[in-house]
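Letters go in sequence order (proteins before strands), and every chain restarts at 1.
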Number of protein chains: 2
Amino acid sequence: MQFMKIEDEIKQPTFQNPYQKVYINLVYTAGWLAQRQAEIFRPYGITLPQFNILRILRGQHPKPATVNLLIERMLDKTSNASRIVDKLEAKALVTRTTCPSNRRAVDIRITEAGLALLHQMDETALRQPIGLQNITPEEAAQLSELLDKLRG
Amino acid sequence: MQFMKIEDEIKQPTFQNPYQKVYINLVYTAGWLAQRQAEIFRPYGITLPQFNILRILRGQHPKPATVNLLIERMLDKTSNASRIVDKLEAKALVTRTTCPSNRRAVDIRITEAGLALLHQMDETALRQPIGLQNITPEEAAQLSELLDKLRG
DNA sequence: TGACATTAAATGTATGTACATATATTTGCA
DNA sequence: TGCAAATATATGTACATACATTTAATGTCA
């Protein structure tokens, strides 16, 4: 076996049952992926949540998006989109203007600089796989199926 | 099919390839598990990282542990054990004393209150599965294997 | 021995999550 | 019409991660 089993990674030789093991394995693997992801993003000065919001805004472009729309489309729906937009605005990657037809809402738009950054990332960072080159497409599909089933 | 596929959960009908899909599925599922975990822990006033450190300290008890040992044993090795110990100390669940044989190091010990809390959680919160009742033990083992393989 | 590197832990700063609350605007209905 | 409920966003607080820097103690070796 050429890869590190979870027992070795966390130096815990046994688990009470396969459920406890897969739980720890999932948490560990997600953290492992997040760390690799962060490394790829670091040179570009944005984080994964910021990238995800930029991608949604590019999808809407040139139409604006509201915070509500961002929350709907985000992976983690409970996160705080408003403050992530703060960061993107500070870097001039997005603009915020009051929505004319509903002054409670805010129109958020990706700027040219934001589009250029995404384009640059498309060409470089996102070309490389995120660390999933060790499994076959079939195994990836099987893994997805098991995860879906796990969540009920 | 009685469960929600990831496509439905995040309302994205298609993915570029099974790798992108399994990546998003992993991140999503780990977040889903973390949220369920947090709900179970909330009544006890501690978080998952705090719980993990308490468990390590119980494993050492009555011997002390140093911050270094905690970092080694923790799931996420880059996290900040020192500050998590701060929180546990504030709740009087652990004590900190300078290590007599190496005054750079700090001896951290679980208190009686800490042991009592863990014992109470053993009897209640940890009896219930964390949300993994939807897969069989065999599927759990298969999932663990795929995750190990994914990390290379 | 004494300067310098190493080690152990703590701290500073930026970012993000989770949850509650605040503020402003709009909607709905008595 | 006017007032309460709902909506859209922002803000406050606690906690955690990530990474760099600081402080103190210990090792090392010329």
### Residue of the set A:Leu115, A:Thr111, A:Ile56 for which side-chain contact (heavy atoms from CB on, under 4.5 Å) holds with A:His61
A:Leu115
### Task
Identify which nucleotide among C:dC19, D:dT9, C:dA9 has an atom closest to any side-chain atom of B:Arg42, counting heavy atoms from C-beta outward.
C:dC19
#### Entry: B:Asn68 and B:Arg73 side chains, donor-acceptor separation under 3.5 Å
no
### Summary
Of the candidates D:dT17, C:dA8, C:dT17, the side chain of B:Pro49 sits closest to D:dT17
### Message
So that I can tick it off, tell me whether B:Lys21 and A:Asp148 are bridged by a salt bridge, with the cut-off set at under 4.0 angstrom between side-chain N and carboxylate O.
### Response
no
### Minimum side-chain heavy-atom gap A:Gln50-A:Leu93 below 4.5 Å
no
### Query
Which of these nucleotides, D:dC19, D:dC15, C:dA8, is closest to any side-chain atom of B:Asn80?
D:dC19
## Note on the structure
Contacts of B:Leu48 and A:Ala38 projected onto DNA chain D by closest heavy atom; the upstream (5') one is B:Leu48
### Query
Roughly how many Å is it from CH2 in A:Trp32 to P in D:dA18, rounded to a whole number?
15 Å
### Query
Taking the nucleotide of DNA chain D with the closest heavy atom to each, which residue, B:Lys91 or A:Arg96, is nearer the 5' end?
A:Arg96
### Query
Could you give the CD-to-C1' distance, from B:Glu39 to C:dC19, as a whole number of Å?
12 Å
### Length of the line joining A:Phe41:CZ and D:dC19:P, which is rounded to integer Å
14 Å
### Query
Are the charged groups of B:Asp122 and B:Arg58 less than 4.0 angstrom apart, N to O?
yes
### Query
Whole-Å distance between D:dT7 P and A:Leu69 CG?
17 Å
Under 3.5 Å, which N/O atoms of the protein pair with N/O atoms of nucleotides 2-7 of chain C?
residue	atom	partner	partner atom	Å
C:dT7	O2	B:Arg104	NH1	3.1

### Query
Expressed in angstrom and rounded to an integer, what is the separation of A:Gln37 atom CD from C:dG16 atom P?
13 Å
### Query
How long is the gap from CD1 on B:Ile110 to OG1 on B:Thr95, to the nearest 0.5 Å?
10.0 Å
### Task
For side-chain contact (heavy atoms from CB on, under 4.5 Å), just list the numbers for A:Thr66 and A:Ile108, CA-CA rounded to whole Å, side-chain angles, deciding distance to a tenth of an Å, and then say yes or no.
CA-CA 6 Å; A:Thr66 62; A:Ile108 303 159; 5.9 Å; no
### Query
So which of residues 82-90 of chain B are in contact with DNA chain C, with a heavy-atom cut-off of under 4.0 Å?
B:Ser82, B:Arg83
### Query
Closest nucleotide of DNA chain C for A:Ile46 versus for B:Thr66: which of these residues is on the 5' side?
B:Thr66
### Query
Is there a side-chain contact between A:Leu150 and B:Asn134 (heavy atoms, below 4.5 Å)?
no
### Query
Can any side-chain N or O of B:Gln35 pair as donor or acceptor with the backbone N or O of B:Trp32 at less than 3.5 Å?
no
### Message
For a quick test of reading the model: is some side-chain N or O of A:Gln50 closer than 4.0 Å to OP1 or OP2 of C:dG16?
### Response
yes
### Summary
Rounded to whole Å, the CZ-C1' distance (A:Arg36 to D:dA18) equals 18 Å
### Task
Look at the side chain of B:Asn102 and decide which nucleotide, out of C:dG12, D:dT26, C:dA9, has an atom nearest to it.
D:dT26
### Query
Reckon B:Arg103 has a side-chain N or O less than 4.0 Å from the OP1 or OP2 of D:dT26?
yes
### Message
How many whole angstroms separate atom CD1 of A:Ile71 from atom C1' of C:dG16?
### Response
14 Å
### CG on A:Leu48 to CZ on A:Phe41, rounded to 0.5 Å
5.5 Å
